[in-house]
Amino acid sequence: MQDTAFGAQLLTLPNIFENKLFTIPDYQRGYSWDEKQVQELLRDIDHLLDDGVAQRHYTGTLVLSRQIEGGKEVSFHVVDGQQRLTTLVILMRVIVEHLTSGEREGFERLYLRRGEIGSERCVLRLNADVRAFFEKVILGDGKTAHEPPTLEAHHRLLQTLKIIKTWLAGHITSGTNIAQIRNCVETEIGFIVFAPQEDAETGIMFEVINNRGKPLSELEKVKNYLIYCSVKLAAGTLRTSIDSDWSCILRNLNTAGKTSQSEEGAFLRYCMGELPPKFRLPKVT
């Protein structure tokens, strides 16, 4: 995928995934789509299947942050679009069960796992809190020992897998060929993809794009601004610390069952109240 393609056109999933690896940064919250969002995506695919017109349709936007190691681009952090991307990877996981052995290898290598035997990695890695569960239970082949869900994101991932399995089974039972479904998903779903050269730009884009839909919580805005500042200041150690600490904050809030925006806001206000007086914001009267 060349720079000239980013933001210039609607890219298909094969375009996006070819020779690319993706990671959800640890500072991002876990998988949060519920049945409503999953069903809406599947209804969009239903419409494309019924339409019968081989034309690319806008499905969403991805904002990616390039990860460079040793002067070489090795992967992308998914700054925005992780919910839709994760859901589509789960869909690919279900589709692969219905492919022939000859089709399966290349399909899995493109969307699910890649690398030499013994050093394979998932093409999409979720954040540290849910990564093992996602890879063993959701993307597993059924041979892995069951790992019980412990986080809200785990339950949501399992629910999404069940919904998609039911949806696909219904289509196959009604006579829809798996090749038709695969072709629709791979050729008619289109994304606008942004991967700015300047990492700091992704912080701005993340807030702008998200605020066009579901508003960011105050907690998410604080995280976003902190990351933006650390990038602008070239403070790599601070950026690493923010990623690590934010993951811990979200994990603890999740464990406590405090996941709504109002509860996150209350947590943030409590933290601000605990600051020494000289660092507190003035009260508005």
Side-chain angles (χ1 to χ4, degrees), residues 1-2 4-22 31 33 35-62 64 76 78 80-115 120 122-125 134-135 138-142 157 159-195:
M1 193 189 303
Q2 300 299 316
T4 53
F6 289 138
Q9 58 184 311
L10 288 178
L11 299 179
T12 63
L13 289 176
N15 294 151
I16 294 168
F17 276 80
E18 185 178 10
N19 299 322
K20 295 291 184 289
L21 297 170
F22 303 95
Y31 184 74
W33 267 18
E35 182 174 359
K36 178 178 181 292
Q37 286 81 35
V38 177
Q39 294 287 9
E40 286 174 352
L41 176 61
L42 295 178
R43 277 195 296 271
D44 286 344
I45 298 174
D46 286 334
H47 293 322
L48 296 178
L49 285 167
D50 294 337
D51 189 14
V53 178
Q55 182 176 345
R56 214 168 289 175
H57 295 259
Y58 172 74
T59 302
T61 302
L62 294 176
L64 308 173
F76 289 88
V78 182
D80 183 73
Q82 69 140 316
Q83 310 297 339
R84 195 174 301 273
L85 195 63
T86 303
T87 305
L88 287 169
V89 168
I90 296 174
L91 172 59
M92 298 310 197
R93 158 68 180 85
V94 177
I95 286 176
V96 80
E97 296 178 354
H98 299 270
L99 300 180
T100 65
S101 56
E103 298 171 316
R104 187 171 296 182
E105 182 180 352
F107 193 83
E108 287 185 329
R109 187 167 58 249
L110 180 59
Y111 297 112
L112 303 181
R113 293 182 182 84
R114 206 175 293 162
E120 288 181 315
C122 288
V123 175
L124 174 65
R125 278 183 170 172
F134 179 69
E135 295 182 2
I138 304 301
L139 299 187
D141 57 7
L157 286 166
Q159 176 181 247
T160 295
L161 179 63
K162 180 179 179 181
I163 292 170
I164 292 176
K165 282 188 172 185
T166 300
W167 173 84
L168 190 60
H171 271 288
I172 292 175
T173 300
S174 64
T176 306
N177 191 295
I178 189 64
Q180 292 176 277
I181 298 173
R182 175 182 175 179
N183 181 68
C184 176
V185 173
E186 290 195 306
T187 65
E188 297 187 36
I189 289 178
F191 281 86
I192 294 177
V193 182
F194 297 98

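These numbers were taken from a predicted model, which means no experiment stands behind them.
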Next on the checklist: Looking at L139, is its backbone amide N or carbonyl O close enough to the side chain of R113 to form a donor-acceptor pair, meaning the two atoms are under 3.5 Å apart?
Outcome noted: yes
Item to check | Separation between CZ of F76 and CG of L62, rounded to the nearest 0.5 Å | outcome: 11.0 Å
Next on the checklist: Between R114 (side chain only) and R109 (backbone N and O only), is there a donor and an acceptor less than 3.5 Å apart?
Outcome noted: yes
Item to check | Check ion pair E186-R182 (N to O, under 4.0 angstrom) | outcome: yes
Checklist entry - Which heavy-atom pair separates I163 from Q39 by the least distance, and what is that distance? => result CG2-NE2, 3.6 Å
Item to check | From CZ (F17) to CG (L85), nearest 0.5 Å | outcome: 4.5 Å
Checklist entry - Between OG1 of T87 and CG of L161, what distance do you get to the nearest 0.5 Å? => result 11.0 Å
Checklist entry - Roughly how far, to the nearest 0.5 Å, is CD1 of I178 from CG of L99? => result 6.0 Å
Checklist outcome for this item: Of all heavy-atom pairs linking L112 and V96, the shortest is CD1-CG1, 4.2 Å
Checklist entry - When the ring planes of W33 and Y31 are compared, do they come out parallel, tilted or perpendicular, using 30° and 60° as the limits? => result tilted
Item to check | Distance-minimising heavy-atom pair for R104 and E97 | outcome: NH2-O, 3.4 Å
Next on the checklist: Give me the atom names and distance for the closest heavy-atom approach of K20 to V123.
Outcome noted: O-CG1, 3.6 Å
Next on the checklist: In the structure I gave you, are the side-chain heavy atoms of T12 and I189 within less than 4.5 Å of one another anywhere?
Outcome noted: no
Checklist entry - Looking at CD1 of I45 and CD1 of I181, how far apart are the two atoms once the value is rounded to the nearest 0.5 Å? => result 9.0 Å
Item to check | Student check: side-chain heavy atoms of L91 and W167 closer than 4.5 Å | outcome: yes
Item to check | Value rounded to 0.5 Å, distance of CD in E120 from CD in E135 | outcome: 11.0 Å
Checklist entry - Is the number of heavy atoms from other residues, nucleotides or ligands under 6.0 Å of E105 CD greater than 12? => result no
Next on the checklist: So which atom in I164 and which in I90 form the shortest heavy-atom distance, rounded to 0.1 Å?
Outcome noted: CD1-CG2, 3.9 Å
Item to check | Closest non-hydrogen atom pair, Q180 against L49 | outcome: O-CD2, 3.9 Å
Checklist entry - Going through the distances and angles, do T59 and L41 end up as a side chain to side chain contact (heavy atoms under 4.5 Å, CB included)? => result CA-CA 9 Å; T59 302; L41 176 61; 4.2 Å; yes
